[in-house]
Undergrad: 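Input: one structure, supplied below.
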Amino acid sequence: VSGLLMFLSCFLLSDSHKHKDKYKEHKHKDYKRDKEKSKHGNSDYKDPSDKKYKDKEKMKHKDGSTEKNKDKHKEKRKEDKVIKKEKENGFVSPLHDIKPKKTKTQKEVTDGKKKAKKEPEEKWKWWEEERYTDGVKWKFLEHKGPVFAPPYEPLPSRVKFYYDGKPMRLSPEAEEVATFFAKMLDHEYTTKDIFRKNFFKDWRKEMTAEEKATITDLKKCNFTEMSEYFKAQSEARKAMSKEEKQKIKEENERLLQKYGYCIMDNHKERIANFRIEPPGLFRGRGDHPKMGMLKRRIRPEDIIINCSKDSKCPEPPPGTKWKEVRHDNKVTWLVSWTENIQGSIKYIMLNPSSRIKGEKDWQKYETARRLKKCVDRIRAQYREDWKSKEMRVRQRAVTDSFLLTLLALRAGNEKEEGETADTVGCCSLRVEHINLYPENEGQEYVVEFDFLGKDSIRYYNKVPVEKRVFKNLQLFMENKEPDDDLFDRLNTSILNKHLQELMDGLTAKVFRTYNASITLQQQLKELTTADENIPAKILSYNRANRAVAILCNHQRAPPKTFEKSMQNLQAKIDAKKDQLSDAKRELKSAKADAKVRKDEKTKKAVENKRKAVQRIEEQLMKLEVQATDREENKQIALGTSKLNYLDPRISVAWCKKWGIPVEKIYNKTQREKFAWAIDMADEDYEF
DNA sequence: TTCTCAACTTAGGATTGGCGGA
DNA sequence: TCCGCCAATCCTAAGTTGAGAA
């Protein structure tokens with residue numbers, strides 16, 4: 001492991017050690033183990049050479065794919081061969097065969113018809129099937145098209161808009177856009193100049209000639225009645241009766257059932273975002289030059305439908321037409337349209353639990369694991385390249401090292417000025433984003449990074465680097481203005497081409513995946529202690545997760561209610577402490593009592609008191625763990641890394657190894673997304 | 001070689017709804 | 001049973017990547 005990586009781990013470790021020490025105070029051993037055991041891990045695998053599972057027949061939609069599968073499974077159950085180990089550890093590339101087959105889980109077998117509500121068909125284990133290799137994404141695709149935003153409902157006439165103090169009736173078009181602004185009135189950005197300017201410009205485009213002539217100054221517009229009206233409406237919605245709420249829920253469910261699924265290659269799959277984005281005012285992140293612009297309503301005429309030729313094509317709403325219907329099975333989207341703010345294309349795609357997303361995800365982690373094998377070689381190479389005569393090569397070598405060691409850096413594409421907020425990544429760093437300190441706080445060759453990254457989240461870090469890197473950076477900064485590119489001979493395209501040469505499939509973002517996953521694995525090893533109880537182990541997991549989130553700079557705004565909720569928790573802890581000292585006092589007097597009387601009854605009392613103390617201590621410890629966890633998490637978002645960077649098999653293996661129910665780590669949605677990992681990883685999985 | 005665009009992943013904030021405690 | 005809180009879910013913006021046009 002290179003010095004830089006060492007540094008990185010030192011940084012992380014020292015940090016976690018700190019946490020750990022703090023934590024030790026409330027460590028407690030006698031925690032009852034959660035009995036619930038994961039049901040996974042009993043699936044059998046069949047001979048890889050068996051090709052029967054190939055999805056070759058042309059799909060005749062409609063027919064119950066489930067039934068079909070069941071039969072397949074029955075017929076195959078006997079011949080299963082165990083090659084599980086190989087699959088998980090030796091690693092058969094996901095792109096290759098091995099078609100193990102699916103077996104019913106214990107649960108399915110035993111509680112056969114328990115659930116009256118038709119228990120969902122067996123979960124399809126797509127990861128046990130052959131993959132497409134030729135860029136084809138599916139052979140059959142049928143869906144119902146998108147759900148459009150509800151049409152605009154004009155305001156009741158009593159709700160007035162005032163211009164320059166006088167009530168004014170707006171045309172429906174102008175009124176609708178006005179309501180978008182009114183709904184955001186409480187928000188800070190309606191006070192921002194750019195937001196107001198953009199809004200006003202776009203609003204005027206929707207006005208009639210007369211309105212345009214009258215309304216010339218946003219400052220003279222009074223939206224408060226509208227705003228009040230919407231607030232009242234949302235209150236009313238909250239106050240609705242159970243029945244009304246139930247009705248809405250049912251309607252949503254109906255919509256979901258109808259539009260929320262598609263049929264792709266024999267299987268019913270969940271769609272991620274089947275609703276078209278409603279019109280509104282664009283809210284970019286950070287200092288976005290387009291904030292406040294009108295995001296227009298999407299009509300059927302804007303929509304491109306993608307489905308297979310032999311499917312039943314979705315119908316556009318009566319009286320309308322789709323922009324286009326195409327049958328492109330080299331892409332995964334079902335519906336697309338072009339958005340008017342940036343002119344980019346938006347898509348309706350499948351849920352992360354779908355085969356098409358899952359396979360890709362799995363593949364991503366396999367690529368990262370391959371990187372693990374050649375990381376040393378790559379390091380050796382870039383260290384060599386630091387000395388190169390060619391500036392281009394040196395710059396590349398420095399970015400390579402940044403990516404490998406300071407993984408929080410994204411690739412950093414160039415961005416069009418004036419189109420988006422001014423943010424940067426590795427390749428697009430400017431001179432003004434770093435400071436060099438030959439010496440800083442007792443360390444040599446320190447680089448200070450300070451810039452806005454994706455979503456305008458600030459990245460700030462001080463990192464000691466090797467002398468050569470430092471000298472190179474000095475060189476790159478020579479004779480440049482603050483707003484000049486630091487790596488002027490480099491962009492993401494060049495960088496990725498070079499990475500591709502180092503390893504097949506290697507791109508800048510693979511480093512993030514690799515670093516995140518390897519860090520989790522190593523931190524879990526480091527932090528998990530056998531004699532800890534489950535809450536303590538989960539705290540360790542969260543800390544490992546947190547180390548990754550810090551590395552990836554996954555921040556969040558502290559929740560608005562953070563202070564309060566912390567206080568509440570603290571109050572609970574204090575109350576619990578009082579309770580504890582009371583209980584202890586009682587125990588003491590019971591003991592004293594027992595000493596004098598020496599009868600069975602008092603002995604029993606002592607025992608009871610002792611148990612009470614123990615129980616309260618346990619509860620207290622749980623609360624304190626919770627407080628620690630929450631405090632440490634104040635500004636850190638764990639979700640992003642959990643969902644996108646951490647090989648789920650590491651977590652699953654950890655759960656299995658320590659007898660932690662996987663439900664404690666992954667919620668329902670996450671379990672669906674990572675079903676493949678939960679099914680295939682056993683406790684000795686190594687990333 | 002550079003530019004543009006399509007397709008897909010990654011991201012944080014807003015909203016919702018379910019659950020535990022009063 | 002009601003209410004407040006928080007986790008889950010929804011939403012959609014903002015990245016990365018690579019292909020193909022200019």
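Just so it is clear, the values below take in all heavy atoms, side chains as well, and ignore hydrogens, waters and symmetry mates. Below, chains carry the letters A, B, ... as their sequence lines are ordered, and counting in each starts from 1.
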Undergrad: For A:Thr492 and C:dT16, is the shortest distance between a side-chain N/O and OP1 or OP2 below 4.0 Å?
TA: no

Undergrad: Going by atom types only, do A:Asn329 and A:Tyr132 share a side-chain donor-acceptor pair under 3.5 Å?
TA: no

Undergrad: Nearest to the side chain of A:Thr423, which nucleotide is it out of C:dG15, C:dT17, B:dC8?
TA: C:dG15

Undergrad: Can you work out whether A:Lys668 or A:Thr420 has the more 5'-proximal nearest nucleotide on DNA chain C?
TA: A:Lys668

Undergrad: Under 4.0 angstrom, heavy atoms only, what part of the nucleic acid is A:Ala557 near: base, sugar-phosphate, or nothing?
TA: sugar-phosphate

Undergrad: Contact class for A:Ser493 (heavy atom, under 4.0 Å): base, sugar-phosphate, or nothing?
TA: nothing

Undergrad: Quick one: A:Lys330 NZ to C:dG18 P, roughly how many Å, whole number?
TA: 19 Å

Undergrad: Measure from the side chain of A:Lys360, starting at C-beta and using heavy atoms only, and say which of C:dT12, B:dT9, C:dG18 lies closest.
TA: B:dT9

Undergrad: Under 4.0 angstrom, heavy atoms only, what part of the nucleic acid is A:Gln500 near: base, sugar-phosphate, or nothing?
TA: sugar-phosphate

Undergrad: Starting at the 5' end of DNA chain C and moving along, which residue's nearest nucleotide shows up first, A:Arg630 or A:Cys426?
TA: A:Arg630

Undergrad: Closest approach to the side chain of A:Gln342, judged atom by atom: which nucleotide of C:dA14, B:dA7, C:dT12 is it?
TA: C:dA14

Undergrad: Would you say the side chains of A:Gln500 and A:Asn496 form a donor-acceptor pair under 3.5 Å?
TA: no

Undergrad: Within the structure shown, what part of the strands sits under 4.0 Å from A:Arg410 by heavy-atom distance: base, sugar-phosphate, or nothing?
TA: sugar-phosphate

Undergrad: Quick one: is A:Lys509 getting a side-chain N or O under 4.0 Å of the B:dT9 phosphate, OP1 or OP2?
TA: no

Undergrad: Taking the side chain of A:Arg556 as heavy atoms from C-beta outward, which of B:dT10, C:dA14, B:dG13 is closest to it?
TA: B:dG13

Undergrad: OP1 or OP2 of B:dG17 less than 4.0 angstrom from a side-chain nitrogen or oxygen of A:Lys245, does that happen here?
TA: no

Undergrad: Tell me which of A:Trp333 and A:Asn252 sits closer to the 5' end of DNA chain B, going by the nucleotide each one is nearest to.
TA: A:Trp333

Undergrad: Which residues within residues 291-308 of chain A lie with some heavy atom under 4.0 Å of an atom in DNA chain C?
TA: A:Lys295

Undergrad: Give the nucleotide from the list B:dA14, B:dG12, C:dT16 with an atom nearest to the side chain of A:Ala411.
TA: C:dT16

Undergrad: Report the nucleotide, chosen from B:dT10, C:dT12, B:dA7, that has the shortest atom-to-atom distance to any side-chain atom of A:Asn644.
TA: B:dT10

Undergrad: Using ring centroids (six-membered ring only for Trp), state whether A:His288 and A:Phe282 fall under 6.0 Å.
TA: yes

Undergrad: Choose from C:dT16, C:dC10, B:dA7 the nucleotide whose nearest atom is closest to any side-chain atom of A:Arg270.
TA: C:dC10

Undergrad: Under 4.0 Å, counting only non-hydrogen atoms across every strand here, what does A:Lys454 touch: a base, just sugar-phosphate, or nothing?
TA: base

Undergrad: Send over the distance from A:Leu646 CG to B:dA11 C1', rounded to a whole Å.
TA: 15 Å

Undergrad: Can you check whether A:His554 has a side-chain N or O nearer than 4.0 Å to OP1 or OP2 of B:dA11?
TA: yes

Undergrad: Across the strands shown, which category fits A:Gln555 at heavy-atom distances under 4.0 angstrom: base, sugar-phosphate, nothing?
TA: sugar-phosphate

Undergrad: Less than 4.0 angstrom between a side-chain N/O of A:His288 and OP1 or OP2 of C:dA14, yes or no?
TA: yes

Undergrad: Atom CD of A:Gln567 and atom P of C:dC5: how far apart are they, to the nearest Å?
TA: 11 Å

Undergrad: Does this structure show an ion pair linking A:Lys247 with A:Glu250, if we count only N-O contacts that are shorter than 4.0 Å?
TA: no

Undergrad: OP1, OP2 of C:dA13 versus side-chain N and O of A:Lys346: anything below 4.0 Å?
TA: yes

Undergrad: In whole angstrom, what separates A:Lys415's NZ from C:dT17's C1'?
TA: 16 Å

Undergrad: With sugar-phosphate meaning primed atoms plus P, OP1 and OP2, does A:Pro352 contact a base, only sugar-phosphate, or nothing at under 4.0 Å between heavy atoms?
TA: nothing

Undergrad: Whole-Å distance between C:dG4 C1' and A:Phe562 CZ?
TA: 18 Å

Undergrad: Report which part of the nucleic acid A:Gly425 touches: base, sugar-phosphate, or nothing (heavy-atom distance under 4.0 Å, all strands).
TA: nothing

Undergrad: Rounded off to whole Å, could you give me the CG-to-P distance for the A:Asn568 and B:dA22 pair?
TA: 11 Å

Undergrad: Choose from C:dG15, B:dA11, C:dA8 the nucleotide whose nearest atom is closest to any side-chain atom of A:Asn667.
TA: C:dA8

Undergrad: Contact class for A:Tyr645 vs. all strands (heavy atom < 4.0 Å): base, sugar-phosphate, or nothing?
TA: sugar-phosphate

Undergrad: For B:dA11, does OP1 or OP2 lie under 4.0 Å from any side-chain N or O of A:Arg512?
TA: yes

Undergrad: Reckon A:Gly453 touches a base, only the sugar-phosphate, or nothing at all at heavy-atom distances under 4.0 Å?
TA: sugar-phosphate

Undergrad: Is the distance between the ring centroids of A:Phe181 and A:Phe199 less than 6.0 Å?
TA: yes

Undergrad: A:Ile650 versus A:Ser517: any side-chain heavy-atom pair under 4.5 Å?
TA: yes

Undergrad: Base, sugar-phosphate or nothing for A:Arg237? Non-hydrogen atoms, less than 4.0 Å.
TA: nothing

Undergrad: Less than 3.5 Å apart, any donor N or O on the side chain of A:Tyr541 or A:Ser651 sitting next to an acceptor on the other?
TA: yes

Undergrad: Between A:Lys622 and A:Gln619, does any side-chain donor sit less than 3.5 Å from a side-chain acceptor?
TA: no

Undergrad: Identify the residue among A:Arg458, A:Lys415, A:Arg410 that makes a side chain to side chain contact (heavy atoms under 4.5 Å, CB included) with A:Thr423.
TA: A:Lys415

Undergrad: Using distance alone, with no hydrogens and no angle criterion, decide if A:Arg283 and A:Tyr189 have a side-chain donor and acceptor under 3.5 Å apart.
TA: yes

Undergrad: Specify the separation, in whole Å, of atom CD1 of A:Ile348 and atom P of B:dA7.
TA: 14 Å

Undergrad: Check every atom of B:dT9, B:dG12, C:dT17 against the side chain of A:Lys357 and return the nucleotide holding the closest atom.
TA: B:dT9

Undergrad: Want to settle it: does A:Arg283 or A:Ser336 sit nearer the 5' end of DNA chain B, counting the closest nucleotide to each?
TA: A:Ser336

Undergrad: Verify the contact: side-chain N or O of A:Lys497 to OP1 or OP2 of C:dT17, cut-off strictly under 4.0 Å; return yes or no.
TA: no

Undergrad: Send over the distance from A:Asn351 CG to B:dT9 C1', rounded to a whole Å.
TA: 15 Å

Undergrad: Looking for any heavy atom pair under 4.0 Å, which part of the strands does A:Lys290 touch: base, sugar-phosphate only, or nothing?
TA: nothing

Undergrad: Scan side-chain atoms only and decide if A:Gln257 and A:Glu253 contain a donor-acceptor pair under the 3.5 Å cut-off.
TA: yes

Undergrad: The side chain of A:Asp455 lies closest to which of these nucleotides: B:dC8, B:dG12, C:dT17?
TA: B:dG12

